[in-house]
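This report concerns only the one structure given below.
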Amino acid sequence: MAQKRMFSKTIIDSDVFLDMPHSTQLLYFHLNMRADDDGFINNCKNIMRMIACKEDDLKILITKKFVIPFESGVIVIRHWRIHNYIQNDRYTETKYKEEKSLLFLDENKSYTLKEGQRIQNGYTMDTQNKSKNKILDINNIYGQNEGQKEEWEKQFDQFYEKYPKKVKKQDVKKWFKKNKPSNELFSSMINSLEQFRASNDWQKDGGQFIPYPSTWLNQKRWEDETIQNTPQKPIGKVNFTQREYSEDKLNSLYANQRRKIK
């Protein structure tokens, strides 16, 4: 197996990739570095423990289709062939041939499931419910309001109204529709947002350092600490007493000063 890996900027510079939390991006890089020559990995959980990533990070990679999970616990880097080209004299085929047989390379050189395949893994992530013939929300990692379809819309309206930068509204709406945060978490997010609104970083230079609301949500910025504005004490007026000196007094002061210099 090769000891060096490549990364395509087409993938890692995309908005989808950069909008993910930093810990999720870190996990992606480590998985790529430890994959075999076909992009397969069988010790994902061990890698996550080693770099202190959480299960949520892997779920995000699966949902965003950067990796594909198998029932055996093996995963594959979806864009592996875009990142890496290994010469035949250095290439060692993966030993996970059964999992590889479920995939094909599409026209963009990305791994794709063959038609009719349905994959599960240890995270109980069914990609399709055949009885209802629709894709399930497999990444509700932020809360429990799964059945309350109207609650997330109220949360979205409240959040977007309070957020000072009004951009990418549909991306924000998609985030709430997908993640449906619990009431407790949403309350924490709003409290954090109020602190950010009053922070130095968000108020200086006309708010140019305020991130997009979708970025703030995807990176879980509500968990960050904020630096609040602190009112500066006014500088007190200094009173000086004006003194008047006679000509003889001034000559005496100058004479004393000249003697000190000598």
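Just so we're clear, the structure is a prediction, and the values are computed from it rather than from any experiment.
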Among I77, V67, D38, side-chain contact (heavy atoms from CB on, under 4.5 Å) partner for Y111: D38
Please list, one pair per line, the donor and acceptor atoms closer than 3.5 Å that link side chains of residues 20-27 to other protein atoms, with sequence neighbours excluded.
unit_1	atom_1	unit_2	atom_2	d
S23	OG	D57	OD1	2.7
S23	OG	D57	OD2	3.4
T24	OG1	D57	OD1	2.7
Q25	NE2	F17	O	3.4
Q25	NE2	L18	O	3.4
Q25	NE2	M20	O	2.9

Crowding at CG, N88 (>12 non-hydrogen neighbours, <6.0 Å): no
Residues E151, K180: salt bridge by 4.0 Å N-O rule: no
N/O donor-acceptor pair under 3.5 Å between S14 side chain and I11 backbone: yes
Atom NZ of K9: over 12 foreign heavy atoms under 6.0 Å: no
Flag side-chain contact, heavy atom, 4.5 Å: K220 against D56: yes
Spatial distance of atom CG (N84) from atom NZ (K4) [nearest 0.5 Å]: 13.0 Å
Beyond-backbone contact of N179 with W152, side-chain heavy atoms, under 4.5 angstrom: no
Ionic contact status for K95 with D36, cut-off 4.0 Å: no
Q208, CD: over 12 other non-hydrogen atoms inside 6.0 angstrom: yes
Evaluation steps, ring-ring contact (aromatic ring centres under 6.0 Å, His included), between W216 and F159: CA-CA 11 Å; W216 195 85; F159 175 85; 5.7 Å; yes
Lys/Arg N to Asp/Glu carboxylate O, E93 vs K100, below 4.0 Å: yes
With sequence neighbours excluded, residues passing salt bridge (Lys or Arg N to Asp or Glu O under 4.0 Å) with K54: none
Side-chain heavy-atom pair L105, T112 within 4.5 angstrom cut-off: no
Backbone N/O of Y163 and side chain of K166: donor-acceptor pair under 3.5 Å: yes
Close side-chain approach of W202 to L193, heavy-atom, < 4.5 Å: yes
D201/K204 ion pair, N-O < 4.0 Å: yes
Backbone of M189 reached by a side-chain donor or acceptor of S192 within 3.5 Å: no
Partner residues of N32 under the side chain to side chain donor-acceptor pair (under 3.5 Å) criterion, sequence neighbours left out: none
ring-ring contact (aromatic ring centres under 6.0 Å, His included) between F186 and W222, worked out: CA-CA 10 Å; F186 182 70; W222 63 82; over 10 Å; no
F29 with M6, same ILVMFWY side-chain cluster at under 4.5 Å: no
Non-hydrogen side-chain atoms of I41 and V76 separated by less than 4.5 Å: no
Pairwise distance CG(N191) to OG(S188) - rounded to 0.5 angstrom: 6.5 Å
For the student: nearest non-hydrogen atoms of K165 and P211, plus distance: CD-O, 4.0 Å
Test side-chain contact (heavy atoms from CB on, under 4.5 Å) applied to Y28 and I60, step by step: CA-CA 10 Å; Y28 183 76; I60 293 173; over 6 Å; no
Minimal non-hydrogen separation, H83 against S8, with atom names: ND1-N, 2.8 Å
K168 side, atom NZ; T215 side, atom OG1 - distance, nearest 0.5 Å: 6.5 Å
Worked check of side-chain contact (heavy atoms from CB on, under 4.5 Å) between V74 and E99: CA-CA 8 Å; V74 173; E99 288 83 0; 4.2 Å; yes
Side chain proximity check, C53 to L58, heavy atoms < 4.5 angstrom: no
D224 side, atom CG; R221 side, atom CZ - distance, nearest 0.5 Å: 5.0 Å
Co-membership, hydrophobic cluster, residues F104 and I82, 4.5 Å side-chain: no
Remaining members of the apolar cluster that contains V167, side-chain heavy atoms under 4.5 Å: Y212
Within 6.0 Å of CD in E223, more than 12 heavy atoms from elsewhere: yes
Exercise: identify the closest heavy-atom pair between F70 and I75: CD1-CA, 4.2 Å
Salt bridge (Lys or Arg N to Asp or Glu O under 4.0 Å) involving R78 - partner list, sequence neighbours excluded: none
Pair R5 + D37, salt bridge at N-O below 4.0 Å: yes
Salt bridge (charged side-chain N to carboxylate O under 4.0 Å, His left out): pairs with one or both residues in residues 205-216, sequence neighbours excluded: none
D106 versus N108, closest heavy-atom pair with distance: OD1-N, 2.9 Å
Heavy-atom side-chain contact between R34 and M50 under 4.5 Å: yes
Heavy-atom check, side chain of Q158 versus side chain of K154, under 4.5 Å: no
CD-OG distance between Q155 and S182, expressed to the nearest 0.5 angstrom: 8.0 Å
Between CE on residue M48 and CG on residue L31, distance to nearest 0.5 Å: 8.5 Å
Geometric cation-pi criterion K173 and Y160, 6.0 Å radius, 45° cone: no
Donor-acceptor under 3.5 Å (H79 side chain, S110 main chain): no
